[in-house]
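A short worksheet on the structure shown next.
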2 protein chains.
Amino acid sequence: MRANVSPATVSRVLNQSKPVSKAVREKVLKVVEELNFNPNAVARSLAMKESKLIGVLIPGIDSVFLSKFVNILEEEFFKHNYTTLLCNTRCDDDIEKDYLRLLKDKYVDGVVLMTSHPKPHQIEFFEQVDIPAVFAGHTDPTKQFSSVNINNYQAMYDAARYLLENGHQRIGLFGGPFIYRQAMERLSGYRQALADYGIGYDESLVFANDYDIEHGYENGMKLFRREDKPTAVCCVSDMVAIGAIKAAEEYGLRVPEDISIMGFDDIRLAKAYRPGITTIRQPIKELSVQAAEMLLQQIRQKENYIKETRVLAHDIIVRGSCMAVTG
Amino acid sequence: MRANVSPATVSRVLNQSKPVSKAVREKVLKVVEELNFNPNAVARSLAMKESKLIGVLIPGIDSVFLSKFVNILEEEFFKHNYTTLLCNTRCDDDIEKDYLRLLKDKYVDGVVLMTSHPKPHQIEFFEQVDIPAVFAGHTDPTKQFSSVNINNYQAMYDAARYLLENGHQRIGLFGGPFIYRQAMERLSGYRQALADYGIGYDESLVFANDYDIEHGYENGMKLFRREDKPTAVCCVSDMVAIGAIKAAEEYGLRVPEDISIMGFDDIRLAKAYRPGITTIRQPIKELSVQAAEMLLQQIRQKENYIKETRVLAHDIIVRGSCMAVTG
DNA sequence: CTGTTAGCGCTTTCAT
DNA sequence: ATGAAAGCGCTAACAG
């Protein structure tokens with residue numbers, strides 16, 4: 001073109017795909033510089049059937065936990081020259097399907113799924129398109145997909161056990177919507193811990209709704225007014241715990257003296273809150289970095305990639321929102 | 001093709017770009033349905049020089065305020081068939097430049113800028129590429145760009161005045177980094193209010209760093225130990241206020257009896273916190289919806305679009321973290 | 001090593 | 001109203 005070379009040559013120097021003589025390479029580079037030329041990504045995608053785009057399917061970004069997760073994902077992808085497509089499904093399978101189709105048409109190079117389950121439509125989709133995918137924060141028990149996650153069952157088991165060990169006999173659960181596998185797993189952990197300590201399951205002590213502060217508050221307002229209220233409750237997120245604490249205080253209950261409240265996630269606020277929130281820490285940074293790594297590797301290796309399901313360790317962080325029952 | 005019609009015809013029915021006889025249209029539609037055919041977005045982009053992609057340039061998504069903002073943006077764009085490209089600049093101009101170039105190469109149809117200023121490189125870029133753009137949460141005083149924002153100067157002025165009216169004479173400011181125009185404007189509002197009430201500006205009372213909880217805490221730990229500590233402080237975000245409250249309590253200071261702490265944004269947590277945080281409310285939903293609307297309109301009208309700078313009203317929300325000085 | 005050619009899958013003149 | 005053909009800007013295969 002301008003530098004009296006063929007477009008093919010330009011392509012070759014820019015992509016270092018084929019050897020080019022030093023002289024020519026430098027000339028091309030110089031002209032590229034001068035014209036401030038940069039190759040058109042769309043045309044490139046069309047020719048190569050790849051886009052340097054990664055889709056992130058997520059219920060919504062409006063949560064401290066998830067936004068942090070995506071923040072790190074974006075950073076990792078950017079480092080490797082991939083751009084992040086934000087796809088909020090709002091827990092709506094139809095939207096998820098739409099997005100999946102769209103992602104395919106845009107030749108995305110991979111997708112990270114932060115929506116629940118391997119659902120039928122997801123399985124069907126990935127059976128016919130073969131786009132690298134990894135579940136993050138959700139585990140695929142069928143091992144059809146790679147995934148990184150903590151062991152949600154064990155995590156909630158540990159939370160409940162901690163309370164049990166501290167003498168609590170009556171423990172509530174402010175869980176997530178049980179359409180999420182994740183929420184179900186946590187429920188199971190909670191139930192098993194109770195069972196292991198010889199305590200009967202009381203359904204009236206468990207609530208199932210969203211992970212936000214308002215629901216923690218609502219649940220608390222319903223539960224803590226009752227005569228037979230628990231002495232402790234396990235929450236599905238720190239935000240729910242904060243809402244629950246507010247409700248408790250509204251009834252004049254002191255936390256933790258009158259009621260212990262346990263969080264989940266260990267967001268930064270959990271530490272700053274008063275009382276500090278005793279919580280189950282999710283290794284969010286590791287979770288997201290590894291999700292990105294696994295996806296990138298899968299993109300590189302394609303056929304040869306071996307699926308993995310990674311389970312990272314959680315921790316219990318003891319702060320001030322829980323205490324042993326006295327008397 | 002399969003339906004013994006030319007690709008041109010298919011294109012025409014799918015895009016309704018040219019009249020097609022009813023008979024043929026229906027046949028095509030049926031075959032499309034059967035084959036579960038959907039048009040390739042990349043090829044389409046290449047031919048049309050548009051992508052149905054919108055870039056969102058933002059310092060980071062890891063903040064309650066910003067993640068909520070982006071959450072709504074995504075929803076609006078999705079409604080209109082646009083997909084959101086998440087571009088975290090981490091306040092780094094080089095990353096911002098990289099992203100801008102990338103967005104251009106991907107033929108994004110528009111971009112919303114949540115990074116500060118109209119900076120030189122932004123101006124230069126948009127001069128030569130003519131991609132619709134709108135600033136959100138930042139105002140362009142030169143009116144070269146459309147923008148939606150609140151009046152940050154007035155907002156902080158009002159915050160300070162509220163404190164002044166309540167008898168405070170010594171008021172601190174936990175502001176943002178002054179490289180942000182937004183932070184500068186808020187500083188000006190604070191200073192002007194002080195001046196209007198005949199109070200001298202004491203630089204040792206103002207801090208300038210990030211909008212997060214940790215910095216609120218740090219600032220508080222430095223300031224509240226001093227003999228000459230203020231009786232009130234204006235914070236640049238609710239998170240900073242929460243951090244400041246924690247610091248105050250660590251020194252045995254009661255909020256608001258011993259010190260008043262004022263927030264900014266009115267995130268949901270501000271209401272749930274104890275004490276409830278007196279704060280300046282930003283109409284976040286309106287801000288983001290209008291940003292999306294303005295951009296979409298600009299995309300539709302292109303040449304004929306008339307730039308706008310919208311300024312939305314803020315509010316002061318009185319809760320429990322501030323009180324009048326007694327004595 | 002480098003230029004020529006074809007083609008990615010769509011939209012869009014231009015004929016018919 | 002519809003088909004044929006060109007072209008969007010790039011990469012890949014094939015010559016030379």
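Every chain is numbered from 1, with letters handed out A, B, ... down the list of sequences.
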*Please work out if B/Val42 contacts a base, only the sugar-phosphate, or nothing of the nucleic acid, heavy-atom cut-off 4.0 Å.*
nothing
*Pairs in or reaching into residues 131-140 of chain A: which pass side-chain hydrogen bond (donor to acceptor under 3.5 Å, both in side chains), with residues at least two apart or in two chains?*
A/Thr139-A/Asn149, A/Asp140-A/Thr142
_Set of side chain to side chain donor-acceptor pair (under 3.5 Å) partners for A/Asp62, sequence neighbours left out_ = none
*side chain to side chain donor-acceptor pair (under 3.5 Å) with A/Glu75: which residues, sequence neighbours excluded?*
none
Show which side-chain atoms of residues 95-102 of chain A pair as donor or acceptor with protein atoms under 3.5 Å away, not counting sequence neighbours.
unit_1  : atom_1 : unit_2   : atom_2 : d
A/Glu96 : OE1    : A/Lys119 : NZ     : 3.1
A/Glu96 : OE2    : A/Thr115 : OG1    : 3.0
A/Asp98 : OD1    : A/Arg101 : NH2    : 3.2
A/Tyr99 : OH     : B/Glu74  : OE2    : 2.5

_For B/Asp210, give me all partners under side chain to side chain donor-acceptor pair (under 3.5 Å), at least two apart in sequence or on another chain._
none
*Take atom CD of A/Gln16 and atom P of D/dT11, then tell me their distance rounded to the nearest Å.*
13 Å
*Between atom CG in B/Asn38 and atom C1' in C/dC10, what is the gap in whole Å?*
13 Å
*Side chain of B/Leu46 (C-beta onward), nearest among C/dC8, C/dC1, D/dG9*: D/dG9
*Over how many whole Å does the gap from A/Asp105 atom CG to C/dC10 atom P extend?*
9 Å
*Can you tell me the distance, in whole Å, between the NZ atom of B/Lys49 and the P atom of C/dC10?*
18 Å
*Using a 4.0 Å cut-off on protein heavy atoms (strictly under), produce a 5'-to-3' string for nucleotides 11-16 of chain C with B for base contact, S for backbone-only sugar-phosphate contact, and - for none.*
SBB---
*In terms of side-chain heavy atoms, does A/Ser51 have a donor or acceptor partner in A/Tyr82 at a distance below 3.5 Å?*
no
*Counting only side-chain N and O atoms of A/Lys22, is one of them less than 4.0 Å from OP1 or OP2 of C/dC1?*
no
*Of the listed nucleotides D/dT2, C/dG9, C/dC1, the one nearest the side chain of A/Tyr107*: C/dG9
*For B/Lys27 and D/dT2, what is the distance between atoms NZ and C1' respectively, to the nearest whole Å?*
11 Å
_Between A/Ser21 and C/dT2, is there a contact of a side-chain N or O with OP1 or OP2 at under 4.0 Å?_
yes
